[in-house]
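One structure is given below, encoded as structure tokens.
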Amino acid sequence: MRRTHKILLAGVAACSAIISVPATASAGVVTPQAHPSGCTYSIHGAGINGASAKCSNSNGGHYKALVICEDWDNQKVARESQKWVSSGYSYVSCPPMTKPTSAGIMTKAS
């Protein structure tokens with residue numbers, strides 16, 4: 001009976017030692033992300049027949065080019081690049097038989 005009592009007390013002491021050890025956080029530091037800055041965009045005629053956009057600082061965000069195109073009957077269609085980018089140029093083209101009339105950029109903080 002004494003032996004069982006000592007083993008039981010040793011087990012309780014070991015459990016309380018494990019419980020009292022402070023836990024350490026293992027998650028990484030989360031930094032807020034912002035929209036890109038220093039962005040420019042422009043219309044391009046022959047060759048691209050659309051628009052391009054570029055931001056000098058992504059700030060952890062992404063961007064893509066937008067364009068409004070017009071056909072010969074003055075019908076307008078808006079298009080946006082398929083891919084979000086965080087560096088370099090983003091391009092978008094107008095459909096066949098249309099020409100770009102204005103350009104823009106869309107940004108997101110992610």
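Any value given below was found using the heavy atoms of this structure, including those in side chains, with hydrogens, waters and symmetry copies removed.
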- Query: Is Asp73 reaching over with its side chain to a backbone N or O of Gln75, donor-acceptor style, under 3.5 angstrom?
  - Reply: no
- Message: Strictly distance-based, threshold 3.5 Å: is any side-chain N or O of Asn57 a donor or acceptor partner for the main-chain N or O of Asn59?
- Response: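 Yes; judged by distance alone, with no hydrogens or angles, the pair exists.
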Could you tell me whether the side chain of [Y] reaches within less than 4.5 Å of the side chain of [X], counting heavy atoms only?
X     : Y     : value
His35 : Tyr63 : no
Ser52 : Ser42 : yes
Arg79 : Cys94 : no
Lys64 : Lys83 : no

Under a single-linkage definition using a 4.5 Å side-chain heavy-atom cutoff for Ile, Leu, Val, Met, Phe, Trp and Tyr, are [X] and [Y] assigned to the same hydrophobic cluster?
X     : Y     : result
Val77 : Val67 : no
Leu66 : Trp84 : yes
Val85 : Tyr41 : yes

What is the minimum heavy-atom distance between [X] and [Y], and which atoms define it?
X     : Y      : result
Pro36 : Gly61  : CG-C, 3.9 Å
Ala34 : Ala109 : C-CB, 3.7 Å
Ala53 : Gly104 : CB-O, 4.3 Å
Glu70 : Thr101 : CB-CG2, 3.5 Å
Ala51 : Ala65  : O-CB, 4.2 Å

- Message: Does either side chain, that of Ser93 or that of Asn49, offer a donor lying less than 3.5 Å from an acceptor on the other one?
- Response: no
- Query: Do Thr107 and His62 have side-chain N/O donor and acceptor atoms under 3.5 Å apart?
  - Reply: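 Note: Thr107 and His62 side chains miss the donor-acceptor criterion.
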